[in-house]
Peer 1: 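Attaching a single structure in structure tokens format; questions to follow.
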Amino acid sequence: MLNKIKTHFNALPKVYWIYIAILIVAETVAFSLRPDKPGLYTQILQVLPLAVTIPFLFFKNIRKSFKRTLFAFAIISFIFLALDYNIGDLNKIGHAGLIQLILTACPIGIFWIILFARWNYKHIKTRESRTALFLSCFAWGLYALAYPPMPLGPAALLLLVPWFIVLNRFNRGQAMFATFWSGMLYNSINYYWIYNVMHVETAPSGLILLGLFLLIAFFSAYNTLAGFVYTLAKDAPAKIRTILLILFPVFYAGLEMTRTYGDFAFPWSHLGYVFGNSLELLQMLPYIGIFGYTILVVASNQAVAQTLCKVQDIKKAIPVLAVPLSIFVVLLIQGSIVLSKTEAQPFYDADAEGNPSIALVQPSIAQGAKWSKERFDNIVNKTLGMVNDSIKEHADLIVLAETAIPDHIRRQPGIIERLHEVADSKNSQLLVGALDYRRNPRGSIRKFDVYNASFLFTPGDFHFPKRYIKKHLVPFSERIPFDEIFPILNYVDLGEGDFVAGKETPVYQPFLWTPYICYDAIFGDLVREAIREGSRLMVNITNDGWFGRSTAPYQHLNLIRYRAIENGMPVARLANSGVSAFIDQYGHYDGNTEIFTDRVVQRKVPLKTRDTLYSRIGDFVEMLLLCFFAAYLIATLLLSFINRKRG
């Protein structure tokens, strides 16, 4: 064994050993000259290890042993990182953590970017790849226009047919090339509005644009993985191929499920969300949930595409159009029957005793001005003035938006007193969004835990208000992912909020309701958790002002509507700049506001009286989908590996 290792290392070219020696010197210099101050820092000398590495990649002998070069760079970098982190903690001096991690990854990233560019150049030169790209972009580009408020929803049952034709007829390389770039188009249309963050965040605009590009590329990787697995399934042995293809829509739903868990959770654009413009088409949600709709969409497109690929005469493929047509007709008829029932009429029996009157106060505070210290008093005065001037009838609950008080509420005792007075004078519960914090013990990485929270003020109760802390934080906007697993990430400052997530889902009296902040309310597991605790109403506060005048506020509202129907859970939703609305347990809207308008809307809201199948089995179904996703992925990879070995 030792002889093999010795032979292996002796085979390395001398230039490789020279590189390692110079790299160690460069790392030593960079770390020995770090500044004597706590926290993450940037320094020109930290680029030295990277500057040493990149020129060596041009040596032919280094490129031939590129994997060894990367391993050497990574191992040396991480050794110095570990030394620095531990020595820094012992001597209470600065860390170079994130910068060093970036430098470790840069040569690998640069190398793969070069390979990726060459791969794209090779494909763009071939007619077949360009044809595949056109078909895929046509499919995914149109699909992005199917989400509300755009009008193409029902067509989603056919829009992805060209993409599936690409997966069936073109080779794997061509299909992956087309799928990735069509995914970039699809996700760019879906998430273009994130560029508005540049107008309100403290991070450099260039960094935000880079982050947006990487986010879109990350989501496009989901499309690419789905396409890759499909090509593995269609190339599987004949005995199992049919089963794998039949089950592919379930795999795709499982792939979407992976976007709802973990620190990167962002379940915004599941394929099944396209039907939101037609209330009749949504009434199957209580039985199959959002992922059931995704399965229907994928199965419909896949069935049509596979038939078109098998027949020579287009006329013979016409009968397969019965698949999307049947799905559409069944959903329409079932939904029409459900909505024709007396109890399914809009806001049925809202005036019944025990149903609360709720007032939503939409002040439309400009996002750029919201955190201005100079305008703090004007913002608070405007919001509370709307409460005093516009709410004439008694309201059981008055709702103010996410961060309606744009500060840490504990730092504003005068504002707390005013809010108590408002609740008392109106004889109403008052839900207010604001920040909060907790001081941590000395020696903690974070001096403070900061929370995005809501506070419930109750008339007659002058204690500190009840607090709910947002549970799902927006990745990179409100928190750096995995900062609890890798504490060094807590030194990172990219302009993000650096919040800490909450753990509890409260149910407030007297009419059993649960607050949700921002996109907490789009996570089905949180809604089902509240239902199990006895909740009968969702009160969702959000600040969609940074979306700008875009499709995003309407998309966000559509997702909340899906949760309402799926779980038979009414919603009172307030957005700082709109769209605010009331939603009943069948999905009917009322009181919808325009975006960027000052409005106060009030009505009585019927509480939950409807128990749905999906609210009882949703947790089990979604965990099953995750397990199925993993099993399907492993099975297709193993079959592909076995086929290559046999080949």
Side-chain angles (χ1 to χ4, degrees), residues 148-149 273 275-287 289-290 293 331-332 334-360 362 393 395-399 431 507-508 510-516 520-522 524 526-528 530-531 534-542 553-554 556-575 578-593 599-616 618:
Y273 280 130
F275 299 107
N277 286 331
S278 177
L279 189 56
E280 288 81 6
L281 298 181
L282 300 182
Q283 299 307 312
M284 195 66 77
L285 279 168
Y287 304 98
I290 174 60
Y293 274 73
L331 291 177
L332 185 64
Q334 185 266 348
S336 299
I337 292 172
V338 169
L339 293 178
S340 67
K341 297 177 181 178
T342 302
E343 63 271 19
Q345 299 312 297
F347 293 85
Y348 174 74
D349 207 21
D351 293 325
E353 185 178 355
N355 288 335
S357 175
I358 299 178
L360 308 177
Q362 178 180 305
E393 300 178 6
D396 296 290
L397 175 64
I398 299 171
V399 183
L431 184 70
V507 178
Y508 293 144
F511 48 87
L512 301 177
W513 59 279
T514 298
Y516 293 86
D520 267 356
I522 74 175
L526 298 189
V527 179
R528 293 189 294 270
I531 290 172
S535 182
R536 299 180 65 194
L537 174 71
M538 297 165 57
V539 178
N540 176 219
I541 61 173
T542 187
Y554 305 96
H556 198 180
L557 178 65
N558 179 56
L559 270 58
I560 305 299
R561 189 190 209 186
Y562 266 70
R563 295 291 80 75
I565 302 170
E566 189 177 74
N567 297 284
M569 190 72 156
V571 181
R573 180 180 193 264
L574 171 65
V579 180
S580 302
F582 296 101
I583 311 172
D584 72 9
Q585 57 191 341
Y586 287 89
H588 297 101
Y589 287 137
D590 188 50
N592 296 44
T593 64
R599 287 286 305 278
V600 174
V601 290
Q602 181 176 350
R603 69 156 297 133
K604 293 198 75 173
V605 181
L607 298 174
K608 175 181 174 65
T609 59
R610 181 189 189 200
D611 189 24
T612 71
L613 174 65
Y614 199 80
S615 66
R616 294 198 302 269

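One-based numbering along the sequence shown.
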Peer 1: Kindly say whether the aromatic ring centers of F275 and Y293 come within a distance under 6.0 Å.
Peer 2: yes
Peer 1: Please identify each residue that fulfils salt bridge (charged side-chain N to carboxylate O under 4.0 Å, His left out) with R610, with sequence neighbours left out.
Peer 2: none
Peer 1: Can you pull the side-chain hydrogen bond (donor to acceptor under 3.5 Å, both in side chains) pairs that have at least one residue in residues 344-358, sequence neighbours excluded?
Peer 2: S357-Q602
Peer 1: Could you please spell out the steps behind the side-chain contact (heavy atoms from CB on, under 4.5 Å) verdict for Y614 and L285?
Peer 2: CA-CA 8 Å; Y614 199 80; L285 279 168; over 6 Å; no
Peer 1: Locate the shortest heavy-atom distance separating Y273 from R563; write the atom from each residue and the value.
Peer 2: OH-NH1, 2.7 Å
Peer 1: Do the side chain of K608 and the main chain of S535 share a donor and acceptor less than 3.5 angstrom apart?
Peer 2: no
Peer 1: For the CG atom of D584 and the CZ atom of R561, what is their distance to the nearest 0.5 Å?
Peer 2: 9.0 Å
Peer 1: Using the side-chain contact (heavy atoms from CB on, under 4.5 Å) rule, take M569 and I583 through it: C-alpha gap first, then chi angles, then the decisive distance, then the call.
Peer 2: CA-CA 9 Å; M569 190 72 156; I583 311 172; over 6 Å; no
Peer 1: Run the numbers on D590 and V601 for side-chain contact (heavy atoms from CB on, under 4.5 Å), then give the verdict.
Peer 2: CA-CA 9 Å; D590 188 50; V601 290; over 6 Å; no
Peer 1: What's the spacing between L526 CG and M538 CE if we round to 0.5 Å?
Peer 2: 9.0 Å
Peer 1: Would you mind telling me which of R573, R599, Q362 makes a side-chain hydrogen bond (donor to acceptor under 3.5 Å, both in side chains) with T593?
Peer 2: Q362
Peer 1: Out of curiosity, E566 CD to I290 CD1, how far, rounded to the nearest 0.5 Å?
Peer 2: 7.0 Å
Peer 1: Between atom CD1 of I522 and atom CG of N558, what is the distance when rounded to the nearest 0.5 Å?
Peer 2: 11.0 Å
Peer 1: Please examine the side chains of Q283 and Q334, heavy atoms only from C-beta on, and report whether any two atoms are closer than 4.5 Å.
Peer 2: yes
Peer 1: For F511, give me all partners under side-chain contact (heavy atoms from CB on, under 4.5 Å), at least two apart in sequence or on another chain.
Peer 2: P356, D396, L397, Q429, W513, L537, L607
